[in-house]
Amino acid sequence: MKMSVPGLACLALVGSLAAAPAATIELDYIGQKKGGVNTYFRFDGVSMGAHAGEFTFDVLGTEDQIAAWCVDIAHVLIQSATPYAPDPGLFDAGVVANLDRLFTQHYHAVVDAVSSAAFQLAIWELIYDGGDVGLGAGRFSLRDQTPENVRIAAQGFLDLDARGGGYQLSFLRSEASPVPSQNLVTVAPVPLPASVMLLLAGLGLMGAVGARRSA
């Protein structure tokens, strides 16, 4: 989600995986395999734009990959090697539950650039407004320049019932200093390769949300 705004940006993250001290991991950015769409919105009153969509990363030190989504549009996603630490407490229980429901009910529908961008917008709406005020108001709101098909798809993704537990959500907090990078959420969409699951489990990353897919 490459973002352009005075003082704020969302850039592609690249890095390396290390078993180094403090249980950090580093990721190597590959791209937006499903594509993305230029979207336009306001965040806390600031007009912003982002090429929204799901990211894919190599996990250096393994031959595996993970998908990741932006959960922090107030910071730059650094474009060089950047350490991250697992943080199951990054969001309160209400936000985690809403994201769990979103992934469980709609992640399967993310198949192309439009749906990928729309899913990212839905993530931001749930994080910053809880899905209570819609995409036209609140801390996060869409501007008219956002394509209508993306807006409609995002609103559809926000149509949620009580079902959850379909994916394991793992939150990564930037350890970059002095300026932090952007925080991320990863899931197990393909599913997550066993070697990465073992790695993240060893770091205490897995478990923020983990349950079997509802029957």
Side-chain angles (χ1 to χ4, degrees), residues 1 3 10 34 36-37 39-46 48 50 52-55 66-75 77 84-111 114-143 146 150-174 180 182-192 200 204-215:
M1 293 140 290
M3 187 174 297
C10 181
K34 295 171 184 173
V37 175
T39 60
Y40 306 90
F41 49 86
R42 290 183 180 84
F43 174 62
D44 283 347
V46 178
M48 304 174 70
E54 179 186 69
F55 282 139
I66 60 173
W69 297 87
C70 164
V71 294
D72 176 15
I73 56 179
H75 292 99
L77 194 60
Y84 282 83
D87 189 355
L90 189 63
F91 296 110
D92 65 34
V95 170
V96 173
N98 281 337
L99 293 176
D100 178 24
R101 292 160 60 214
L102 176 67
F103 278 94
T104 296
Q105 296 172 40
H106 296 303
Y107 190 60
H108 69 277
V110 178
V111 295
V114 169
S115 55
S116 187
F119 198 82
Q120 177 64 81
L121 297 181
I123 288 174
W124 287 332
E125 170 63 21
L126 291 175
I127 289 171
Y128 294 111
D129 292 321
D132 295 331
V133 297
L135 291 165
R139 294 185 65 195
F140 175 79
S141 61
L142 294 186
R143 294 158 59 199
T146 295
V150 176
R151 181 191 300 267
I152 291 172
Q155 195 60 60
F157 287 149
L158 291 169
D159 183 12
L160 300 171
D161 56 37
R163 289 173 297 134
Y167 286 90
Q168 188 117 22
L169 275 63
S170 305
F171 297 98
L172 290 169
R173 184 188 69 253
S174 167
Q182 192 174 62
N183 299 325
L184 304 170
V185 61
T186 72
V187 295
V190 284
L192 197 66
L200 297 181
L205 177 60
M206 310 302 283
V209 174
R212 294 183 179 179
R213 183 184 299 277
S214 301

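Taking each heavy atom of Gly165 and Asp100 in turn, the nearest pair found is N-OD1, 2.9 Å. Here the closest heavy-atom approach between residue Arg42 and residue Arg143 is recorded as NH1-CG, 3.4 Å. When every heavy atom of Trp69 is checked against every heavy atom of Gly53, the shortest pair comes out as CZ3-C, 3.9 Å. When all heavy atoms of Ser141 and Gly136 are compared, the closest pair comes out as CB-C, 3.7 Å. Residues Phe43 and Met48 share a closest heavy-atom pair of CB-SD, 3.6 Å. Between Val111 and His108, the closest heavy-atom pair is CG1-O, 3.8 Å.
A distance of 8.5 Å separates OG of Ser174 from CG of Leu184, quoted to the nearest 0.5 Å. Considering CG of Leu102 and CG of Leu158, their distance stands at 7.0 Å, rounded to 0.5 Å. Here the CD atom belonging to Gln155 is positioned 4.5 Å from the CG atom belonging to Leu135, to the nearest 0.5 angstrom.
Contacts of Arg139 classified as salt bridge (charged side-chain N to carboxylate O under 4.0 Å, His left out), with partners at least two apart in sequence or in another chain: Asp44. Evaluation of the side-chain hydrogen bond (donor to acceptor under 3.5 Å, both in side chains) rule for Asp159 yields no partner, not counting sequence neighbours. Remark: Asp161 engages Arg163 in a salt bridge (charged side-chain N to carboxylate O under 4.0 Å, His left out) (not counting sequence neighbours). In this structure Phe140 satisfies the ring pair (Phe, Tyr, Trp, His ring centres under 6.0 Å) test together with Phe41, Trp124, sequence neighbours excluded. Scored by the side-chain hydrogen bond (donor to acceptor under 3.5 Å, both in side chains) test, Arg101 finds Asn98 as partners (sequence neighbours excluded). When the side-chain hydrogen bond (donor to acceptor under 3.5 Å, both in side chains) test is applied to Ser115, the partners found at least two apart in sequence or on another chain are Asp112.
A donor-acceptor pair is defined here as one N or O able to donate and one able to accept, closer than 3.5 Å; no such pair exists between the side chain of Glu54 and the backbone of Ser116. Formation of a donor-acceptor pair under 3.5 Å by the Tyr84 side chain with backbone atoms of Phe171 is not found in this model. Remark: side-chain polar atoms of Tyr128 are paired, donor with acceptor, to backbone N or O of Ile73 under 3.5 angstrom. Between the side chain of Thr186 and the backbone N or O of Ala68 there is no donor-acceptor pair closer than 3.5 Å. In this structure, the side chain of Asp92 engages the main chain of Val95 through a donor-acceptor pair within 3.5 Å. Proximity of a side-chain donor or acceptor of Gln120 to a complementary backbone N or O of Cys70 within less than 3.5 Å is detected. With hydrogens and angles ignored, the 3.5 Å screen pairs a side-chain donor or acceptor of Thr39 with a backbone N or O of Ala50.
A 4.5 Å side-chain heavy-atom check between Leu160 and Leu126 finds at least one atom pair inside the cut-off. Contact of the Ile127 side chain with the Leu99 side chain is registered, since non-hydrogen atoms from C-beta on lie closer than 4.5 Å.
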